[in-house]
Participant: 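The structure's right below; bear with me while I get my questions together.
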2 protein chains.
Amino acid sequence: MTDPPRRRDRAATHAALLEAAQRRFASEGYDAVSVRDVAADAGVDAALVFRYFGSKAGLFRAATSPLPAPADLADGSAEALPGRLLRAVVPDAGQPVGEEQLLALLRSSGHAEARAQLHRQMCDGYVAALAELAEEPGRDLRAELVGALLLGISLQRSVVGTPALAAASAAEIEPLFDAAVTALLGSTGHGKRADSPDSPENQGAGQ
Amino acid sequence: MTDPPRRRDRAATHAALLEAAQRRFASEGYDAVSVRDVAADAGVDAALVFRYFGSKAGLFRAATSPLPAPADLADGSAEALPGRLLRAVVPDAGQPVGEEQLLALLRSSGHAEARAQLHRQMCDGYVAALAELAEEPGRDLRAELVGALLLGISLQRSVVGTPALAAASAAEIEPLFDAAVTALLGSTGHGKRADSPDSPENQGAGQ
DNA sequence: CCTCCAAGTCATCAAGCGTTGACATCCTAT
DNA sequence: ATAGGATGTCAACGCTTGATGACTTGGAGG
């Protein structure tokens, strides 16, 4: 973005490689992507991948580790968290979310390492924050079910390509989504709308 | 199971190859599995894969095409459909459901053909049946959201490995699941419970 | 202007891949 | 018993892959 004629720039090359890897891994998965593919997308030689990232696995690790900023999700009222997560999963104006990393990890989930990172990202990131909103009998299970709904929405939109969901905007989905979340988090959907939550001082989820 | 000394049996070899392929593709995805792997699991030579299935892609197609019998899901009362789908997604006694095919397709979803089949299987199979239960304003969207919840539950259990959901039985999930489904299908969760809520007389998913 | 280290490229390796055709082996029908 | 086709095995092919080390090129400092 700065200037094209810049050649021999370590930082820029590193970044270009990383971005190309994110796109490729997200859309095709670990095994279907070759180091040469990524290098060609970035416009450099494949050997640089090994110079900068050590191995193909290192490149994958680097391309999937920067998770979509949980701090961004934790700030704001806790009650609005599900809604914010919904917007993160179904971007309204085509905004670049961390959805690519989720896809890359899912499409590569045959490998134990990818699965482990997916697990970490899910449990420590979203589900822990959601559990704060859930009621007692089976709080974790409730939170994980909300997480499942979000995961399912994201997947159905991006990989299954289900027609109505893929075409819908976040605003259209939200009422239904909210109703489901209320039912899942509250014991029998008794409406836990209150203005003062029980001060959950979570600072969230470190990277 | 019949008898080990049976050698040179076309049907048995074909079946062994297919079963091995289903397992491998489900747990590792298309690209991570080699034809030699599958053949070794089945205890035969890799060349037989090409004799019987034409190509690796043909083997994959054969291993993922037999979808888990939608007829099996359609039989019984329509209102109990979501519950039956839940049981299919979270098998109670470790019964072999068609979950493996779903996993295989998802882990191979970098390939357009796998994606297309996933799309077909989802839309024509489950979502269409679910849409019959949904109310008017946005019937398809409602049905697809229920599908998303099911997909998310399955994935969170089998690949993400979220603790509470992975440990829970279908009976523990069902009340929460039912509440969410009711909220999603009905207009504002107006309670479409008509008959006895908890009398699931089904115990066995089909074969 | 020249030097020199970082940044980038090239040629190459060994291993594994999907795929094929020739070959060996067993079952069956006559 | 024997011929013949079905069933299974083997060795090899061309190609791509991840990875490595020697080489070239560029730009900044003296």
Side-chain angles (χ1 to χ4, degrees), chain A residues 2-25 27-64 104 107-108 110-114, chain B residues 2-25 27-64 104 107-108 110-114:
Chain A
T2 56
D3 33 18
R6 177 193 299 199
R7 291 143 62 122
R8 262 178 160 78
D9 181 333
R10 181 184 178 89
T13 301
H14 184 99
L17 238 18
L18 209 84
E19 194 192 347
Q22 278 174 296
R23 266 202 300 265
R24 282 275 189 175
F25 283 139
S27 68
E28 304 178 35
Y30 185 83
D31 296 293
V33 172
S34 79
V35 171
R36 287 168 173 88
D37 288 337
V38 175
D41 286 1
V44 297
D45 191 89
L48 286 190
V49 166
F50 300 95
R51 238 196 226 309
Y52 289 151
F53 299 95
S55 66
K56 184 188 180 183
L59 175 65
F60 182 80
R61 230 170 286 129
T64 53
R107 289 211 162 105
S108 312
H111 300 279
E113 199 180 342
Chain B
T2 55
D3 33 21
R6 176 195 299 200
R7 290 144 60 121
R8 263 177 160 75
D9 181 333
R10 180 184 179 89
T13 301
H14 185 100
L17 238 18
L18 208 82
E19 193 192 348
Q22 278 174 295
R23 266 202 300 264
R24 281 276 190 174
F25 284 139
S27 68
E28 306 178 34
Y30 184 82
D31 296 292
V33 172
S34 78
V35 171
R36 288 170 172 88
D37 288 337
V38 175
D41 286 1
V44 298
D45 191 89
L48 285 190
V49 165
F50 301 93
R51 233 196 234 308
Y52 289 150
F53 300 95
S55 66
K56 184 189 181 183
L59 175 64
F60 182 80
R61 228 170 286 129
T64 53
R107 290 211 162 105
S108 313
H111 299 280
E113 198 180 342

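Proteins come first, then strands; the chains are lettered A, B, ... in the order of their sequence lines, and each starts at number 1. Bear in mind that the values here come from a model prediction, so they are computed numbers and not experimental data.
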Participant: With sequence neighbours excluded, tell me which residues meet side-chain contact (heavy atoms from CB on, under 4.5 Å) with A:T13.
Facilitator: A:L17, A:V44, A:L48, A:Y52

Participant: Could you tell me the separation between the NE2 atom of A:H14 and the CZ atom of A:R51, rounded to the nearest 0.5 Å?
Facilitator: 14.5 Å

Participant: Extract from the structure each pairing of a protein N or O with an N or O of nucleotides 28-30 of chain D at less than 3.5 Å, listing the distance.
Facilitator:
none

Participant: Do any pairs count as a salt bridge (Lys or Arg N to Asp or Glu O under 4.0 Å) and have a residue in residues 10-20 of chain B, sequence neighbours left out, and if so which ones?
Facilitator: B:E19-B:R23

Participant: Expressed in angstrom and rounded to an integer, what is the separation of A:R10 atom CZ from C:dC5 atom P?
Facilitator: 16 Å

Participant: Can you find a pair of side-chain heavy atoms, one from B:E28 and one from A:D31, that are under 4.5 Å apart?
Facilitator: no

Participant: Does the side chain of A:T13 get closer than 4.0 angstrom to OP1 or OP2 of C:dG8 through an N or O atom?
Facilitator: yes

Participant: Return the minimal non-hydrogen interatomic distance between A:A20 and A:A42, and the atom names on each side.
Facilitator: CB-N, 4.2 Å

Participant: Let's see if you get this right: which residues in residues 29-39 of chain B place a heavy atom under 4.0 Å from DNA chain C?
Facilitator: B:V33, B:S34, B:V35, B:R36

Participant: May I have the distance from B:R8 (atom CZ) to D:dG4 (atom C1'), rounded to whole angstrom?
Facilitator: 14 Å

Participant: Please report the distance, rounded to the nearest Å, between OH in B:Y52 and C1' in D:dT9.
Facilitator: 12 Å

Participant: Could you tell me how far apart A:H111 (NE2) and D:dG18 (C1') are, to the nearest whole angstrom?
Facilitator: 13 Å

Participant: Please report, rounded to the nearest Å, how far the P atom of D:dT17 is from the CZ atom of A:F50.
Facilitator: 11 Å

Participant: Looking at residues at least two apart in the chain, or sitting in another chain, which of them share a side-chain contact (heavy atoms from CB on, under 4.5 Å) with A:A15?
Facilitator: none

Participant: Specify the separation, in whole Å, of atom CG of B:L17 and atom P of C:dG18.
Facilitator: 13 Å

Participant: Test A:F53 against A:R61 for side-chain contact (heavy atoms from CB on, under 4.5 Å), laying out the working first.
Facilitator: CA-CA 9 Å; A:F53 299 95; A:R61 230 170 286 129; over 6 Å; no

Participant: Considering residues at least two apart in sequence or located in another chain, which fulfil the side-chain contact (heavy atoms from CB on, under 4.5 Å) criterion with B:A47?
Facilitator: B:D45

Participant: Would a 4.5 Å heavy-atom cut-off, applied to side chains only, mark A:L59 and A:V35 as touching?
Facilitator: no

Participant: Where is the tightest heavy-atom contact between A:A114 and A:S108, given as atom of each residue plus distance?
Facilitator: CB-O, 3.4 Å

Participant: Protein-nucleotides 28-30 of chain C N/O pairs closer than 3.5 Å?
Facilitator:
none

Participant: Starting at CG of B:L59 and ending at P of C:dC17, how long is that distance when rounded to a whole Å?
Facilitator: 15 Å

Participant: How many whole angstroms separate atom CG of B:D9 from atom C1' of D:dG5?
Facilitator: 16 Å

Participant: Quick one: pull up OH in A:Y30 and CZ in B:R107 and give me the separation to the nearest 0.5 Å.
Facilitator: 16.0 Å

Participant: Quick test of your reading: applying side-chain hydrogen bond (donor to acceptor under 3.5 Å, both in side chains), list the pairs with at least one residue in residues 34-43 of chain A, sequence neighbours left out, ordered by first then second residue.
Facilitator: A:R24-A:D41, A:S34-A:D37

Participant: Considering all heavy atoms of both residues, which atom of A:L18 and which atom of A:A62 are nearest to each other, and what is their separation?
Facilitator: CD1-CB, 3.6 Å

Participant: Any chance you could measure B:F60, atom CZ, to B:H111, atom NE2, to the nearest 0.5 Å?
Facilitator: 8.0 Å

Participant: Collect all protein-nucleotide pairs involving nucleotides 9-11 of chain C in which both atoms are nitrogen or oxygen and the distance is under 3.5 Å.
Facilitator:
{"residue": "C:dT9", "atom": "OP2", "partner": "A:D45", "partner atom": "N", "Å": "2.8"}

